[in-house]
Amino acid sequence: MYPKRLALLALSTALALPGLAIAAPGNGNAFGRKPVTTTTTSTSSTTSTTRTTTTTTTTTSTSSSTTSSTTSTSTTSSTTSSTTSSTTSTSTTSSTTTIPTCLDGSGPLITLTGTWATSYDNRALLDLTRLDARQATFLPSPTDLYPLNLGGGSGTCVSGGVELGQYDRSLTWDQMHTMNNAGVRFENAGVTVENVRIDDVADGIRPVAGPFVIRGTWLSYVRDDCVENDHVQPGLIDDSLFDGCYVGISERPSLAIITSGYDGRNDLLTVRQSLIRLQPMPGPRGGLPTDFGNGQFFKWSDLATHLELDDNVFLAEQVGEGGASTMGIPSSLVGCSNNVMVWLGQGPYPAPLPACFTVTTDRSVWDAAVATWKLRHGVVP
């Protein structure tokens, strides 16, 4: 049904899940391969028990005559006993392996280091280029709208990097949206973006071409879309933490994009093993600068891709600025399993959810999922 799905799945399979250490905002850059330690513990237990046994023997003899009767009885008893003993032995073995990343490819390698206050703009990348940004820090700002802006050959790997936005955090949605910026933008096919840390931008990641893979990424305080897929490309969002989005994922093409012929109705976007939180932010769309509000998890259109959701956790504190009807799941959903919706607003969750969702009002469910994700990715508390 989806012509590009096989290519996407092949790309995802070839590039196994990474486990790079990810730095929190302001803590510098701590990227590198994270060793994964597997510990096997075996326990053997031996128990011996001897029962206590008592044996009683009774002998009776009887003699009688006409005038008297005599009966004699003798009893002997023997008892044996022992104690119960138990022995337990435990042995532990550990092995350490390193999870592969897309940097393990064989294409051209570009290494970025240091602090970047201007854009790394390269729209002439060769096929299979590996962009190693694990030791780089980028400073998105009103004069640096696209800190990573990529194009050219297919199969690019973007691994690591910290983006610390320099935008005033009190700006309204309209002020941020007018600047039209994104942490990572790419217009070449087959891109993998892994283990990138992005904070305080308008859009987090903006694919213009696909299929794409986003995995192991940590986004926060994203003032519009954590992933702006308005060019409706097929892709995979895997093992990522979106801890503060105005909108989770957007697939609502502009008139200019529609006129250019983009149509995602034969393609598929899969979101799996990821965490997405809507965060109320100052000056929401259509609101006052003093208001705090958010959008929705999925900003969809009739030209959007099909959608699959598996093993994700979502959190919303209040209804989005578009109303209760926008808080549901798109009708293009074709696959769904084991998702959790954490609802902290008033009353029941404001929109119908499919049977593959469990709704809870327990905030600790989200907190535990975030803590587990950070532990798995080597984030220092």
Side-chain angles (χ1 to χ4, degrees), residues 15 17-34 99-105 107-123 125 128-141 143-152 155-167 181-188 190-208 212-222 226-228 235 237-245 274 373-374 376-380:
L15 303 173
L17 289 178
L20 305 189
I22 298 180
N27 291 344
N29 215 340
F31 288 82
R33 295 194 183 191
K34 178 187 175 219
I99 298 175
T101 81
C102 61
L103 291 175
D104 291 330
L109 177 64
I110 298 174
T111 301
L112 303 179
T113 61
T115 300
W116 292 68
T118 57
S119 173
Y120 178 77
D121 190 321
N122 189 340
R123 256 77 73 79
L125 295 169
L128 304 178
T129 294
R130 295 169 294 155
L131 194 65
D132 183 353
R134 291 176 295 176
Q135 300 302 322
T137 298
F138 304 89
L139 303 176
S141 71
T143 58
D144 181 14
L145 299 176
Y146 298 99
L148 285 172
N149 197 10
L150 309 175
T156 298
C157 161
V158 181
S159 186
V162 172
E163 295 193 10
L164 304 177
Q166 304 299 297
Y167 301 96
N181 64 90
V184 179
R185 177 190 179 277
F186 54 87
E187 56 191 42
N188 43 340
V191 172
T192 294
V193 178
E194 66 175 21
N195 305 295
V196 177
R197 175 73 177 99
I198 300 174
D199 178 75
D200 188 21
V201 293
D203 291 327
I205 300 174
R206 184 182 295 173
V208 178
F212 63 84
V213 175
I214 297 170
R215 67 187 184 199
T217 59
W218 176 11
L219 278 56
S220 58
Y221 208 65
V222 177
C226 272
V227 175
E228 188 204 74
I237 299 171
D238 187 31
D239 186 32
S240 291
L241 171 60
F242 297 168
D243 196 5
C245 312
S274 295
W373 189 95
K374 290 182 176 180
R376 187 168 66 251
H377 288 267
V379 178
V380 179

Tell me, please, which residues at least two apart from Tyr221 pass ring-ring contact (aromatic ring centres under 6.0 Å, His included).
none
Quick check: closest heavy atoms across Pro147 and Phe138, and the distance to 0.1 Å?
CB-CB, 3.9 Å
Given side chains that start at C-beta, do those of Leu139 and Leu164 come closer than 4.5 Å, heavy atoms only?
yes
Do Ile110 and Tyr120 make a side-chain contact, defined as non-hydrogen atoms from C-beta onward lying under 4.5 Å apart?
yes
Between Thr217 and Val196 (side chain of the first, backbone of the second, donor and acceptor by atom type, cut-off under 3.5 Å), is there such a pair?
no
Any heavy-atom pair between the side chains of Gln135 and Thr111 that's under 4.5 Å?
no
For Asp121, check side-chain contact (heavy atoms from CB on, under 4.5 Å) against everything at least two apart and list the hits.
Ser119, Arg123, Asn149
Pair Gln166-Asp144, side chain to side chain contact (heavy atoms under 4.5 Å, CB included): steps then yes or no
CA-CA 9 Å; Gln166 304 299 297; Asp144 181 14; over 6 Å; no
Ignoring hydrogens and angles, tell me if any N or O in the side chain of Arg130 forms a donor-acceptor pair with the backbone of Cys157 under 3.5 Å.
no
Is the closest side-chain heavy-atom distance between Asp238 and Val213 below 4.5 Å?
no
Distance only, no hydrogens: is a donor on one side chain within 3.5 Å (strictly under) of an acceptor on the other, for Ser220 and Asp199?
yes
Looking at every heavy atom in both Ala202 and Val222, which two are closest together, and how far apart are they?
O-CG1, 3.3 Å
Between Ser274 and Ile237, which heavy-atom pair has the shortest distance, and what is it?
OG-O, 3.8 Å
With the side chain counted from C-beta on, respond yes when Asp239 and His377 share a heavy-atom pair under 4.5 Å apart, and no when they do not.
yes
Only pairs at least two apart or in different chains count here, so list each salt bridge (charged side-chain N to carboxylate O under 4.0 Å, His left out) that has a residue in residues 157-167.
none
Using a 3.5 Å distance criterion without hydrogens, assess whether the side chain of Glu187 forms a donor-acceptor pair with backbone atoms of Arg185.
no
Heavy-atom side-chain proximity of Val191 to Leu150 below 4.5 angstrom:
no
For Asn188 and Gly152 the tightest heavy-atom approach is CB-O, 3.3 Å
Pairwise distance CG(Asp132) to OG1(Thr101) - rounded to 0.5 angstrom
8.0 Å
First locate atom OH of Tyr167, then atom CG of Asn181, and finally report the distance between them rounded to the nearest 0.5 Å.
3.0 Å
Side-chain heavy-atom pair Asn122, Leu131 within 4.5 angstrom cut-off:
no
Minimal non-hydrogen separation, Ile205 against Val193, with atom names
CD1-CG1, 4.2 Å
Might you point out which heavy atoms bring Cys102 and Arg215 nearest each other, and give the distance in Å?
N-NH2, 3.7 Å
